[in-house]
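Worksheet: the structure to be examined is printed underneath.
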Amino acid sequence: MELIASARIPKAQARVQASKPYSAKIVEVVRNVSAAAGSTDHPLLAARDPKTAGVLVVSSDRGLCGAYATTVIRAAEQVILEHEQAGRAVKVYPIGKKAIAYFAYRGYELPRTFEGVTDTPGYGDARVITAALVEDFASGEIDVVDAFYTRYQSALTQVPTEYQLLPISTPEGEEQRTVDYDYEPSPADILDRLLPRYVEATVFSMLLESSASEHASRRRAMKAATDNAEELIRALTVQANRQRQAEITTAITEIVGGAEALNA
């Protein structure tokens, strides 16, 4: 398992790096189109008083990866408890068998669950997840969506992260250049098509980051397990050798004692 995880980490890292230019460009385009469109009534931008909160949790389908899934699940549950204390209903959208089993056992409402996504996520998976969230948000079944995933920093560091997915906050940044586009059709129409793609790209980035974090956590956990097993083998080998030596010594002592008794 350690070797398999080690082989998958570079591929997962490469996918994370490959997605960043696309994510950066779509953020730039959304920012510029939003500025050109001015005020808009797009449903994905509508901030309303939250009465029902949706919580998206990206965990794992498999275990043997240390506290990877537990950490992000606990972070999500803390926010869920805060929503409940504020009098809001909560709907959980778990990704991965670990989160599904955890929240189902505790009786949370799970409108949609997603399995078989976390190991090698594809853009189609992000599209399916986004479609479910956008549909429920646009219909008013949920008023806000908080996403929890594990951000990949390095092979040794993965950080549980919270991100408000919906409603969309228009990306801003003074360091990014503003482009004056010619629009056909209108900026509002373009923004209407672009915002769902923006959410899909964000969810896909979360899945990729979480996948790389899962493989890195599994490699560390399996390395620790291997080291512990080797240490246990060494300790048991020493114990077995001592026991064997004690038995040999006892047998020799009995033989010598018997010989002396015969000579006497």
Side-chain angles (χ1 to χ4, degrees), residues 1-2 4-20 22-24 27 53-83 90 92-104 106 108 110 112-123 125-126 128-130 132-133 144-166 199-225:
M1 292 297 293
E2 179 187 351
I4 292 173
S6 299
R8 289 179 175 177
I9 287 175
K11 296 180 181 179
Q13 287 177 319
R15 297 189 73 196
V16 170
Q17 293 300 322
S19 70
K20 287 184 177 180
Y22 176 80
S23 299
V27 166
V55 178
L56 177 70
V57 185
V58 185
S59 68
S60 61
D61 286 311
R62 297 182 295 160
L64 302 178
C65 51
Y68 163 75
T70 303
T71 302
V72 71
I73 287 173
R74 287 178 177 174
E77 190 172 34
Q78 181 62 38
V79 172
I80 290 173
L81 294 176
E82 293 175 1
H83 282 306
V90 178
V92 183
Y93 297 80
I95 301 175
K97 293 181 180 179
K98 295 297 180 181
I100 294 172
Y102 183 90
F103 290 110
R106 281 154 181 78
Y108 289 101
L110 311 179
R112 290 289 301 274
T113 61
F114 307 93
E115 297 182 16
V117 174
T118 61
D119 192 33
T120 309
Y123 196 84
D125 299 319
V128 171
I129 295 168
T130 300
L133 295 174
V144 64
V145 177
D146 294 321
F148 292 84
Y149 69 104
T150 307
R151 181 163 50 87
Y152 181 88
Q153 287 187 338
S154 68
L156 297 177
T157 307
Q158 298 85 42
V159 182
T161 304
E162 177 184 0
Y163 181 83
Q164 182 178 306
L165 193 62
L166 294 171
V199 180
E200 289 175 2
T202 303
V203 172
F204 185 50
S205 178
M206 292 179 183
L207 294 177
L208 293 179
E209 295 263 5
S210 296
S211 177
S213 298
E214 178 184 347
H215 294 316
S217 298
R218 180 169 290 111
R219 182 177 67 175
R220 287 203 314 276
M222 292 299 96
K223 185 179 187 307

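Basis for what follows: all heavy atoms, side chains included, without hydrogens, waters or symmetry-related copies.
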- Going by heavy atoms in the side chains, are Gln158 and Tyr68 under 4.5 Å from each other? no
Only residue of Leu208, Val159, Ile9 satisfying side chain to side chain contact (heavy atoms under 4.5 Å, CB included) with Tyr152 is Ile9
The reported gap from CD1 in Ile4 to CE in Met1 (rounded to nearest 0.5 angstrom) is 6.0 Å
Flag, side chain of Ser213 to backbone of Thr150, donor-acceptor distance under 3.5 Å:
yes
query = Do the side chain of Arg220 and the main chain of Ala155 share a donor and acceptor less than 3.5 angstrom apart?
reply = yes
So does Cys65 get a backbone contact from the side chain of Arg219, meaning a donor-acceptor N/O pair under 3.5 Å?
no
One should read off an interatomic distance between Tyr163 OH and Asp146 CG, to the nearest 0.5 angstrom, of 11.5 Å
Rounded to the nearest 0.5 angstrom, the CE-OG distance for Met222 and Ser217 is 11.0 Å
Heavy-atom side-chain proximity of Glu162 to Gln78 below 4.5 angstrom | no
Taken in chain and number order and not counting sequence neighbours, the residues that satisfy ring-ring contact (aromatic ring centres under 6.0 Å, His included) with Tyr22 are none
dist His215:NE2 -> Gln13:CD (nearest 0.5 Å) comes out at 10.5 Å
Side chain to side chain contact (heavy atoms under 4.5 Å, CB included) test vs Ile95 passes for just one of Ile129, Val203, Thr113, namely Ile129
Decide yes or no for Tyr108 and Val55: does some side-chain heavy atom of the first lie under 4.5 Å from some side-chain heavy atom of the second? no
Problem set entry | Leu56 side chain near Leu133 side chain, heavy-atom distance below 4.5 Å | yes
Discussion item. Do Leu165 and Met206 make a side-chain contact, defined as non-hydrogen atoms from C-beta onward lying under 4.5 Å apart?
Written reply: yes
Which donor-acceptor pairs under 3.5 Å do the side chains of residues 114-121 make with protein atoms, sequence neighbours left out?
from	atom 1	to	atom 2	distance (Å)
Thr118	OG1	Asp61	N	3.3
Thr118	OG1	Asp61	OD2	3.2
Asp119	OD1	Arg8	NH1	3.3
Asp119	OD2	Arg8	NH1	3.4

Residues at least two apart in sequence or cross-chain that pass side-chain hydrogen bond (donor to acceptor under 3.5 Å, both in side chains) with Arg15, listed by chain then number, are none
Item to complete: Kindly indicate whether the side chain of Tyr102, heavy atoms from C-beta on, has any atom under 4.5 Å from the side chain of Lys98.
Response: no
field: Test item: Thr161 and Glu209 side chains (from C-beta on) under 4.5 Å apart, heavy atoms
entry: no
